[in-house]
Q: 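Once you've had a glance at the structure underneath, I'll fire off some questions.
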Amino acid sequence: MNKFSTQPLRGFSDFYPEEMRVDKWILGKIREVVEGYGYEEWNGPTLESIDIFAAKSSEELVTEQAFIVEKVKGEKLILRPELTPSLARMVAAKIKELELPLRWYVFPNCFRYERPQRGRRREFIQVNVDILSHDGLYADLEIFNIIVDIMKSFGVTGKQFQIRWNNRRFLDELLLMVAKVPEGLKNQVYKMIDKRDKMEPAEYEKWVRDTLRDDAAADRVLQIGSFHDINVLPFDNLPHEFFEYPGVKEVQQLTEMIKKAGLKPYCTFSPEIVRGLDYYTGTVYEVFDTGTENRRALFGGGRYDNLIDLFSDVQLPGTGFGLGIYVLELFLTTYNKIPPEVKLPDRSHGVYIAPLDASCLLLAIKVAQLLRAQGKQALVGYDCRKLGRQIETASKRGFPYVIIIGKKEVDAQSVTLKNLQNGEQQTVPIAEMGKILVSKT
RNA sequence: GCCCCCAUUGUCUAGUGGUUAGGAUAGAGGGCUGUGGUCCCUUUGAUGCGGGUUCGAUUCCCGCUGGGGGCCCCA
């Protein structure tokens with residue numbers, strides 16, 4: 001008879017204990033950092049109405065890349081592809097009682113019907129960290145600080161990653177007032193700038209010139225991405241009041257703040273960073289591997305001015321980032337930053353109890369319970385294999401101690417405690433077992 | 001949705017149009033009937049699925065499934 005395939009669905013993963021330990025380790029590090037900044041964990045439902053995604057996001061997201069659940073005909077539910085609409089909904093519902101600024105994080109599993117490739121699955125865990133408040137630049141700076149602290153907690157340095165940041169307001173001013181790009185072509189030019197780094201320079205130049213049909217404007221658009229300092233711009237026609245533009249001032253101020261906060265080794269101002277989302281309005285950023293192994297952005301985010309406008313007339317700006325932990329894992333693996341012991345079960349407080357035959361099992365179980373009551377981890381070798389094998393197993397699995405229980409121990413109501421590191425062993429009454437273990441581990 | 005590459009025991013892999021598909025490692029048992037990590041012996045276990053060519057296919061061809069890489073997209 002044909003058996004079912006043991007493979008998971010395309011783009012989905014099985015998580016065996018080893019993978020779970022790696023994920024938990026990564027999330028634990030991130031949690032430690034964001035909790036240190038006072039962020040609170042939240043969560044939304046896994047299923048949402050498709051409407052809020054259709055309204056907020058592109059047509060393609062909803063029609064092509066959504067996992068749709070249609071239990072009742074006509075009622076379209078979507079397995080969440082991201083959490084921002086849920087965040088907006090939940091914040092809007094309690095906008096009057098929530099205290100600003102709101103510092104929230106969540107580690108949701110999200111779903112997108114895409115072609116799986118390096119760092120991309122159809123179900124993935126995407127860390128979201130958001131701060132919702134009215135004072136913009138300090139919130140942006142805090143997010144940069146968090147990103148840097150997260151990366152540092154994994155032991156990577158500014159040599160291995162960079163936050164490349166830009167500002168949408170600034171980019172608008174640059175395109176419309178300096179490059180003189182017609183308003184109608186703005187979004188197309190955004191798209192081109194976004195693609196710049198992936199294309200051959202000649203091909204890119206041709207694309208820009210063909211699209212703009214204005215050599216002067218094209219010349220200036222082609223300069224975007226060639227400079228990394230707002231104070232040294234390669235344009236000869238800057239308007240007199242250029243440095244009074246709000247976007248330009250924001251970039252200048254944030255540059256200054258980054259320097260003073262000591263984040264300069266980790267941040268690069270990069271005017272070609274656009275991000276696809278329509279709702280970004282201020283500072284945007286993407287985190288990159290500086291090496292060649294991971295060419296895509298590791299993760300990114302940005303500032304949006306109208307998070308909750310679908311649900312409320314109240315205006316609430318915010319900024320935050322989304323980080324797929326599978327991509328981060330590949331990055332960390334590239335730089336050898338996942339310690340091998342992360343993949344092994346933690347037996348540092350473990351005791352392996354080795355009964356010699358079935359008549360010893362009841363005492364073994366009782367001893368295990370006593371140990372657990374003291375906060376130890378205790379495993380009973382129910383199969384009662386021969387002692388050599390049991391010790392071998394315990395040793396290979398990393399247990400520091402074995403407790404041997406045979407006929408002698410049952411008769412005397414004692415245990416034989418063996419230290420696997422140095423081979424020492426002693427037989428003690430059960431009542432004293434805890435004391436000895438506590439003093440040793 | 002498109003393009004390229006890939007698929008052999010749990011894992012890593014060798015090999016072949018023809019008779020028992022080989023090794024390493026992991027697992028199980030024993031050497032050692034109450035003492036581990038080394039060693040020795042024995043043993044379990046594989047050609048992803050479906051179709052075609054052929055006397056015969058694990059091998060060649062097609063499709064499917066899954067994986068890797070890229071395009072599109074990246075909310």
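Residue numbers start from 1 in every chain, and the chains themselves are labelled A, B, ... in the order their sequence lines are given, proteins ahead of strands. Everything quoted here is computed from the prediction, not taken from an experiment.
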Q: For A:Trp207, check ring-ring contact (aromatic ring centres under 6.0 Å, His included) against everything at least two apart and list the hits.
A: none
Q: What is the nucleic acid contact for A:Arg385, judged by heavy atoms within less than 4.0 Å: base, sugar-phosphate only, or nothing?
A: sugar-phosphate
Q: Strictly by Watson-Crick or wobble contacts shorter than 3.5 Å, is anything paired with B:C49, and which nucleotide is it?
A: B:G63
Q: State which residues pass ring-ring contact (aromatic ring centres under 6.0 Å, His included) with A:Tyr266; sequence neighbours excluded, sorted by chain then number.
A: A:Phe161
Q: Taking the six-membered ring for Trp, are A:Tyr401 and A:Tyr352 closer than 6.0 Å centroid to centroid?
A: no
Q: Determine the Euclidean distance between corresponding C1' atoms of B:G17 and B:U54; express it in Å to zero decimal places.
A: 9 Å
Q: Using Watson-Crick or G-U wobble geometry with both distances under 3.5 Å, which nucleotide pairs with B:A24?
A: B:U11
Q: Heavy atoms, side chains only, cut-off 4.5 Å: are A:Leu356 and A:Cys384 in contact?
A: no
Q: Expressed as a whole number of Å, how far does the P atom of B:G15 sit from that of B:U8?
A: 14 Å
Q: Would you measure the distance from the C1' atom in B:G22 across to the matching atom in B:A46 and give it in whole Å?
A: 12 Å
Q: What does the list of N/O pairs under 3.5 Å between the protein and nucleotides 10-12 of chain B look like, with a distance for each?
A:
none

Q: Roughly how many Å apart are B:U16 and B:U11, using the P atom of each and rounding to a whole number?
A: 23 Å
Q: Pairing check on B:U54: which nucleotide meets the Watson-Crick or G-U wobble criteria with it, both distances under 3.5 Å?
A: none
Q: For atom P, what is the distance between B:A21 and B:U59, given to the nearest Å?
A: 15 Å
Q: Shorter than 3.5 Å, N or O on both sides, protein versus nucleotides 69-71 of chain B: list them out with atom names.
A:
residue, atom, partner, partner atom, Å
B:G69, OP2, A:Arg118, N, 2.5
B:G69, O6, A:Arg115, NH2, 2.5

Q: Check step by step if ring pair (Phe, Tyr, Trp, His ring centres under 6.0 Å) holds for A:Phe12 and A:Phe67.
A: CA-CA 13 Å; A:Phe12 286 75; A:Phe67 277 95; 5.8 Å; yes
Q: Identify whether any heavy atom of A:Gln390 sits under 4.0 Å from a base atom; if not, whether one sits that close to sugar-phosphate; answer base, sugar-phosphate or nothing.
A: nothing
Q: Tell me, please, which residues at least two apart from A:Phe269 pass ring-ring contact (aromatic ring centres under 6.0 Å, His included).
A: A:Trp165, A:Phe170
Q: If the C1' atom of B:C62 is compared with that of B:G29, how far apart are they to the nearest Å?
A: 46 Å
Q: Taking only residues two or more places apart in sequence or in another chain, which ones pass ring-ring contact (aromatic ring centres under 6.0 Å, His included) with A:Phe111?
A: none
Q: Nearest-Å distance, CZ (A:Phe111) to P (B:C73)?
A: 25 Å
Q: Taking the nucleotide of RNA chain B with the closest heavy atom to each, which residue, A:Arg122 or A:Glu286, is nearer the 5' end?
A: A:Arg122
Q: Over 60° means perpendicular and under 30° means parallel, so classify the ring planes of A:Tyr105 and A:Phe107, tilted if in between.
A: tilted
Q: Here's one to test your reading of the geometry: is the NZ or CZ of A:Arg21 within 45 degrees of the ring axis of A:Tyr16 and under 6.0 Å from its centre?
A: no
Q: Scan residues 371-397 of chain A for pairs that pass ring pair (Phe, Tyr, Trp, His ring centres under 6.0 Å), counting only residues two or more places apart or in two chains.
A: none
Q: What residue among A:Tyr285, A:Tyr138, A:Tyr37 forms ring pair (Phe, Tyr, Trp, His ring centres under 6.0 Å) with A:Phe144?
A: A:Tyr285
Q: In whole angstrom, what separates A:Asp194's CG from B:C72's P?
A: 11 Å
Q: Which letters describe nucleotides 33-41 of chain B, given B = protein heavy atom under 4.0 Å from base, S = only from sugar-phosphate, - = neither?
A: -BBBB----
Q: Could you give the distance separating B:G23 and B:G36 at their P atoms, to the nearest angstrom?
A: 29 Å
Q: Under a 3.5 Å limit for both distances, which nucleotide forms a Watson-Crick or G-U wobble pair with B:C72, could you say?
A: none
Q: With rounding to whole Å, what would you report as the distance between B:C49 and B:C72 at their C1' atoms?
A: 30 Å
Q: Considering only heavy atoms, which members of residues 10-19 of chain A lie under 4.0 Å from some atom of RNA chain B?
A: A:Arg10, A:Gly11
Q: Only counting residues at least two apart or in another chain, list the ones meeting salt bridge (charged side-chain N to carboxylate O under 4.0 Å, His left out) with A:Arg89.
A: A:Glu48
Q: Per the salt bridge (charged side-chain N to carboxylate O under 4.0 Å, His left out) rule, what does the pair list look like for residues 183-197 of chain A, sequence neighbours excluded?
A: A:Arg164-A:Asp197, A:Asp172-A:Lys186
Q: Is there a Watson-Crick or G-U wobble partner for B:G34 with both distances under 3.5 Å, and which nucleotide is it?
A: none
Q: Taking salt bridge (charged side-chain N to carboxylate O under 4.0 Å, His left out) as the test, write out the residues that go with A:Glu114, two or more places apart.
A: A:Arg120
Q: Could you tell me whether the side chains of A:Asp305 and A:Tyr280 share a donor-acceptor contact shorter than 3.5 Å?
A: no
